[in-house]
Structures are given as structure tokens and as C-alpha cells.
Enquirer: 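Here it is, the structure in full.
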Amino acid sequence: QVQLVESGGGLVQPGGSLRLSCAASGMTLAHYAIGWFRQDPGKERERISCISVRDGSIYYADSVKGRFTISRDKAKNSVNLQMNSLEPEETAVYYCATGPYYSCATDKPGNLEVWGQGTLVTVSS
């Protein structure tokens, strides 16, 4: 069974950092593009980062560029998202997702076939 599991969320003060992890089972992440998304109730889902191990491409939304870093841990078959200088408005549930036809470049939502359960990030003093 193909599965993604996020971890690393929690409560952090404004300006703080968190490291999220997206661990895969039943699939080898080296064959896929993995996207990180976030959604706050009442707001649209936002794609914040993406990494494609197949071609080495990496994407960051303008809102996180320079503060977030996506990386792959080959040994753990996971993709990590290091988040620095977090702001209160970034409080949301963070998800990772993928699919056999998903591409960082084209980012077609219909190609996101596998989603994790999400991890809550709360940025508050």
C-alpha cells in the first residue's frame, strides 16, 4: 500500500523554525515528484514547495523563498521541509502529496493521487 506520513509539526514562536518530514512506504521517492502544500481553514490550498528527484528540479512559492528548504533523505525514503523565520499567518495544516504523473513543473492537481494525513503547524507567541 502506497502511503505518505508527515511529521514534525507543532507549536513554534514567530521567527522560529520547524523541520517537517514526509516519509513514504510502498513506493520509492526517487521515482516521483513530491509537493508540500498547506491549508488553513477558510483559505485555498497553497503549494509551497516541490522536489523532483528524477530531474533534480526544485520549486518554492514566492511566499517561502529564502526561508524554506526542501530536501530528500534517500536512506529514510523521505522528503524534508526545513522552515525558518515562520510567521503567524503560516499557521496551517501542512501536507505532502505525489502521484506517478505529478510534475513540479506542471503541478496538475488531478495528478496528486497520494496524500499524507497532514501535520499541524501553529505559529504563535
Side-chain angles (χ1 to χ4, degrees):
Q1 181 181 0
V2 175
Q3 191 175 12
L4 297 175
V5 178
E6 302 95 336
S7 61
L11 174 64
V12 63
Q13 292 187 341
S17 299
L18 281 176
R19 184 177 180 86
L20 305 184
S21 180
C22 173
S25 59
M27 59 187 289
T28 301
L29 291 183
H31 303 157
Y32 294 83
I34 310 297
W36 276 100
F37 304 80
R38 64 187 178 192
Q39 187 165 25
D40 197 24
K43 297 182 180 179
E44 287 190 4
R45 186 179 69 200
E46 178 187 13
R47 184 176 72 145
I48 54 176
S49 188
C50 186
I51 185 169
S52 174
V53 181
R54 287 173 296 190
D55 62 16
S57 61
I58 289 178
Y59 162 86
Y60 295 105
D62 288 342
S63 58
V64 306
K65 204 171 290 184
R67 299 185 297 120
F68 289 14
T69 303
I70 192 170
S71 62
R72 174 187 166 224
D73 187 327
K74 184 178 179 181
K76 295 182 179 180
N77 198 31
S78 66
V79 171
N80 301 316
L81 186 68
Q82 177 67 40
M83 307 188 298
N84 300 327
S85 302
L86 284 161
E87 302 165 356
E89 54 267 31
E90 297 183 292
T91 294
V93 178
Y94 285 67
Y95 301 88
C96 59
T98 188
Y101 303 106
Y102 181 68
S103 162
C104 292
T106 58
D107 186 35
K108 293 182 179 179
N111 288 337
L112 291 164
E113 298 181 14
V114 183
W115 287 83
Q117 83 289 352
T119 186
L120 177 63
V121 172
T122 303
V123 186
S124 176
S125 55

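We number each residue from 1, following the sequence as shown.
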Enquirer: Any donor and acceptor pair, going by atom type alone, linking the side chain of Q117 with main-chain N or O of E6 inside 3.5 Å?
Expert: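 Yes; at least one donor-acceptor contact below 3.5 Å.
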Enquirer: Working to the nearest 0.5 Å, report the span between OG of S52 and OH of Y32.
Expert: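 Rounded to the nearest 0.5 Å, the OG-OH separation comes out at 12.5 Å.
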Enquirer: Looking at CD1 of I70 and CG of L81, how far apart are the two atoms once the value is rounded to the nearest 0.5 Å?
Expert: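 CG of L81 is found 6.0 Å from CD1 of I70.
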Enquirer: Is there a side-chain contact between S71 and I51 (heavy atoms, below 4.5 Å)?
Expert: no
Enquirer: Tell me which pairs pass disulfide bond (SG atoms under 2.5 Å apart) where either residue lies in residues 18-74, with sequence neighbours left out.
Expert: C22-C96, C50-C104
Enquirer: Distance-only, no hydrogens or angles: does the S103 side chain make a donor-acceptor pair with backbone N or O of A105 under 3.5 Å?
Expert: yes
Enquirer: Do you know which two heavy atoms are closest between V64 and I48, and how far apart they sit?
Expert: CG2-O, 3.4 Å
Enquirer: Main chain of M27, side chain of N77: is a donor-acceptor contact present, judged purely on distance under 3.5 Å?
Expert: yes
Enquirer: Is the closest side-chain heavy-atom distance between Y102 and I34 below 4.5 Å?
Expert: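 The answer is no; the side chains never approach within 4.5 Å.
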Enquirer: Quiz question: by atom type and distance under 3.5 Å, do the side chains of Q82 and N80 form a donor-acceptor pair?
Expert: no
Enquirer: Is E89 paired with K43 through a side-chain N to carboxylate O contact shorter than 4.0 Å?
Expert: no
Enquirer: Mind listing the closest non-hydrogen atom pair of S63 and R38 along with its distance?
Expert: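 For S63 versus R38, the nearest heavy atoms are OG-NH2, 3.6 Å.
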Enquirer: So do the side chains of E90 and F68 get within less than 4.5 Å of each other, counting heavy atoms only?
Expert: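 Yes, their side chains come closer than 4.5 Å.
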Enquirer: Indicate the atoms forming the closest heavy-atom contact of S78 with A23, along with that distance.
Expert: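 Smallest interatomic distance, heavy atoms only, reads CB-CA, 3.9 Å.
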Enquirer: Is there a path from F37 to L120 through hydrophobic residues (I, L, V, M, F, W, Y) whose side chains come within less than 4.5 Å of each other?
Expert: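 Yes: a chain of side-chain contacts under 4.5 Å links F37 to L120.
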Enquirer: Report yes if some heavy atom in the side chain of V79 is under 4.5 Å from a heavy atom in the side chain of T98; otherwise report no.
Expert: no
Enquirer: Tell me which donor-acceptor pairs under 3.5 Å the side chains of residues 109-116 have, and how far apart each pair is, sequence neighbours excluded?
Expert:
| from | atom 1 | to | atom 2 | distance (Å) |
| --- | --- | --- | --- | --- |
| N111 | ND2 | Y101 | O | 3.3 |
| W115 | NE1 | L112 | O | 3.3 |

Enquirer: Which pair of heavy atoms, one from P14 and one from S125, lies closest together, and at what distance?
Expert: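 That closest heavy-atom pairing would be CD-N, 3.6 Å.
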Enquirer: Given 3.5 Å as the limit, does a donor-acceptor pair link the side chain of T119 with the main chain of S7, or not?
Expert: no
Enquirer: Using side-chain heavy atoms (C-beta onward) and a distance below 4.5 Å, is M83 in contact with R67?
Expert: no
Enquirer: If two hydrophobic side chains count as joined below 4.5 Å and joins carry through other members, does Y94 share a cluster with L11?
Expert: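 Different clusters: Y94 never reaches L11 through Ile, Leu, Val, Met, Phe, Trp or Tyr contacts under 4.5 Å.
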Enquirer: Might you point out which heavy atoms bring L4 and A97 nearest each other, and give the distance in Å?
Expert: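 For L4 and A97, the tightest heavy-atom pair comes out as CD1-CA, 3.8 Å.
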Enquirer: Do you reckon Y95 sits in the same ILVMFWY cluster as W36, going by side-chain contacts under 4.5 Å, direct or chained?
Expert: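 As far as the 4.5 Å side-chain criterion goes, W36 and Y95 are not connected within one cluster.
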Enquirer: Just verifying a value: how many Å separate Q13 CD and T122 OG1, rounded to the nearest 0.5 Å?
Expert: 13.0 Å
Enquirer: Could you tell me which non-hydrogen atom of L18 sits nearest to which non-hydrogen atom of L86, and how far apart they are?
Expert: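 Nearest pair, atom of L18 first, then L86: N-CD1, 4.0 Å.
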